**Q** 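Structure below; questions to follow.
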2 protein chains.
Amino acid sequence: MSKSRANIRDVAKQSGVSLTTVSLVLNNNDQRISEATRQRVLAAMRDLDYTPSRLARGLPNRRANTLAVLVPALQHAFADVYFGEIISGIYEEAASRGYRILLEVARREYVRRKEYLTLLEDCSVDGILFIGATEEHRWLSEFDSSDKPFIIVNNRFEQWDLHYVICDYPQAGRTAADYLVSRGHQRIGHICGPSSMVLTSQELTDGFVNRLSEHGVPMGDRMIVEGQYHSDTGKLAADELLKRDPDITAIFASNDKMALGACQALRASGRIPGEDIAVLGCDDIPTAALADPPLTTIRMNFFEVGSAATSHLLDMVEGRNGQAMVQQRVPVLLVERDSCTTLPS
Amino acid sequence: MSKSRANIRDVAKQSGVSLTTVSLVLNNNDQRISEATRQRVLAAMRDLDYTPSRLARGLPNRRANTLAVLVPALQHAFADVYFGEIISGIYEEAASRGYRILLEVARREYVRRKEYLTLLEDCSVDGILFIGATEEHRWLSEFDSSDKPFIIVNNRFEQWDLHYVICDYPQAGRTAADYLVSRGHQRIGHICGPSSMVLTSQELTDGFVNRLSEHGVPMGDRMIVEGQYHSDTGKLAADELLKRDPDITAIFASNDKMALGACQALRASGRIPGEDIAVLGCDDIPTAALADPPLTTIRMNFFEVGSAATSHLLDMVEGRNGQAMVQQRVPVLLVERDSCTTLPS
DNA sequence: TTCGATTAGTAAAACATTTTACCTGACCGA
DNA sequence: TCGGTCAGGTAAAATGTTTTACTAATCGAA
């Protein structure tokens, strides 16, 4: 037994064919090899316990078969609701197409030294996905209209021409408005997300408010209270809404955590969510289904966002894309449970 | 301007030296190059905008300069409290030693096909860190006493001989016991973590209970209630403890979320945490400091766990370790705030 | 002056693949 | 029999580094 790993040459020798033949068998995109030879080669591979070196494979065609996932250096970057889902989506699609994913944290130093560029230049990565981008990531302008394989996951920017895949937040807002209005609600409160942060929160609220006014249910700023995406801020926001108008019949929260917080506040105020007042959430986190009452919500398919972004990125990498700009919105889905069963009297 | 990236040969030509010289300058561990030459080479590199190819660099010595981080395929793998911290620690140490990190999700299929081994064999990775390992990961036996560069992060296993770095949970338990006893507490309740899961929860509780009994404060099972690590289960557990003994003067919870939940329950029962009853947490999550009252807790240094594990792993990879088994415990630290100011009357 | 050591550098092999261009023999129709 | 096509395969170049073993020049000491 040789001390080190078998290589393609060993396989060739063992099966009595040339290097090239083994390589062709390996990337079986080529029909030039007869079945008999192919089998001989495969047998030799099994015999020698051969695994092709990814490193060496990448060299000739300058491919790393790897994508980078860039996450911002947040305090609890990964504690975010959807990170897991998005990364799972990315991982799944990447793996199914034979790619690995490299994790990079976009810390200040990292960005200052433009290491994200090095990443592409030194061939350690074929493309980059950026999750958790916010307005403050000015260096994104570097990718403006460039043809580098780079894509924004679940956000978008109006000032730069970047590829992105994002949940259809405006549609989510409109769906919420349609649903509540169709059930007869006219006095509606809204808990919006942190306006300063990302566009998504703004899109959702705009979609909601605009559609409401199309339905003839105009909603002033008075019935919109801002939360910070946690359940406690949802609670506070609901209390505030009740103070401003004790007779509202429905609350739409920008995410499920805040919706669940609102439910608590409502209960504390003597109203039973779902019976006395409708509560509509957004995201469809796992606990939404388990809550009491089970939360009616708008499902955001973060997994799909991740996998779609990856799929597009790989199309760019493999040059199947033409020059088309990728700016895709992933559809949302109303999930009816029990927190909106009430009809206003 | 040449169409493709500059390579080491271009740099050599431009600066009028040999390939070797450029390479030596690149890995400036060698003093054989005169300052003048070095400067000429560096200038040429800048000129040509040269970045060495990581792929090619790895080939000759079969190094990928990359580590894999294996995370289990949990529903919300990344939503866990400490994932972010651990990964940041890993990332930081790896980056400072010139390594990248590859993210791999240990899904069922992945494990079944033993892809974690392929990872090492095809040279795409020099070592593996596994976060979130639990008893059910039987395939870990594969690494039992093997000399593969593999390390468990923040867990350990008695049945297999594996390298690991873990927070010092027993010490955390003892610290808690010492602290509470030193402040005169005799009637103490404990909210432990889910016993079935990982060893860590067990270690913490054992350390706590054993040290208490060394102090002459034996604690039967009666004053231990199990929680599931979320704040609501902490609330429920605290209620249960109060029911079992309304006169307890202190509660030690296995994590901060449950401690904060317990505070809520105590307040609801008319007791002010920190004044009427002491509450001690564990972990030191960011909200612990912001809570009312600020939570006294035992700080778990997850970042350090990640970076220490990585440091050891890299020592193995680079062969500086001898054959020594790595089984390190990272010290914990009592952080005094205001939730334990009360002294029992 | 010659011997060794030191300094500064180089040529060439090694790493493990892909890819391009070429070769050989068989077969077939004219 | 000649020319052409085709199937099945191969040799060799290319990818971009590191590393080992060697050389040429210089310098000090015997």
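Protein chains get the first letters and strands the later ones, always in sequence-line order, with residue 1 at the start of each. Owing to the predicted nature of the structure, the values given are computational and were not obtained by experimental measurement.
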**Q** If you compare every side-chain N and O of B:Ser23 against the phosphate oxygens of D:dT19 (OP1, OP2), does one of them come in below 4.0 Å?
**A**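 No, because none of the side-chain N or O atoms of B:Ser23 sits under 4.0 Å from OP1 or OP2 of D:dT19.
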**Q** Looking at every strand, decide which applies to B:Thr20 at a 4.0 Å heavy-atom threshold: base, sugar-phosphate, or nothing.
**A**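 Base contact.
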**Q** Picking from D:dT18, D:dG8, C:dT18, which would you name as closest to the side chain of B:Asn27?
**A**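 Nearest nucleotide to the side chain: D:dT18.
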**Q** Using only side-chain N and O atoms of B:Asn7, determine if any of them is under 4.0 Å from OP1 or OP2 of D:dT15.
**A**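 Indeed not, no polar side-chain atom of B:Asn7 lies that close.
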**Q** Residues two or more places apart in sequence or in another chain: which of them pass salt bridge (charged side-chain N to carboxylate O under 4.0 Å, His left out) with A:Arg40?
**A**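 Not a single residue meets the salt bridge (charged side-chain N to carboxylate O under 4.0 Å, His left out) criterion with A:Arg40.
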**Q** Where the side chain of A:Asn61 is defined as all heavy atoms beyond and including C-beta, which of D:dT15, D:dT10, C:dT18 is the nearest nucleotide?
**A**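 When the side chain of A:Asn61 is considered, C:dT18 is the closest of D:dT15, D:dT10, C:dT18.
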**Q** Going by the rule ring pair (Phe, Tyr, Trp, His ring centres under 6.0 Å), which residues pair with A:Phe150 if we only count those two or more places apart in sequence or in a different chain?
**A**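 For A:Phe150 the ring pair (Phe, Tyr, Trp, His ring centres under 6.0 Å) partners, ignoring immediate neighbours, are A:Phe143.
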**Q** Considering heavy-atom distances to DNA chain D, does A:Leu19 or A:Glu35 have its closest nucleotide positioned more toward the 5' end?
**A**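 Mapping each residue to its closest nucleotide by heavy atoms, the 5'-most match is A:Glu35.
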**Q** Whole angstrom is fine here: how far is it from CZ in A:Arg62 over to C1' in C:dT19?
**A**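 Atom-to-atom, A:Arg62 to C:dT19, this comes out as 14 Å.
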**Q** Side chains of A:Arg100 and B:Val125, heavy atoms from C-beta outward: is any pair under 4.5 Å?
**A**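 Counting from C-beta outward, A:Arg100 and B:Val125 never come under 4.5 Å.
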**Q** Measure from CG on B:Leu24 to P on C:dT7 and round the result to the nearest Å.
**A**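 After rounding, the reported distance stands at 15 Å.
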**Q** Quantify the bending of the helix from C:dT1-D:dA30 to C:dA30-D:dT1 as the angle between its end axes, each fitted on five pairs, to 10°.
**A**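 Both end axes considered, the difference amounts to 60°.
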**Q** Does any N or O donor sit under 3.5 Å from an N or O acceptor when you compare the side chain of B:Arg32 with the base of C:dG9?
**A**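 A donor-acceptor contact between them is present.
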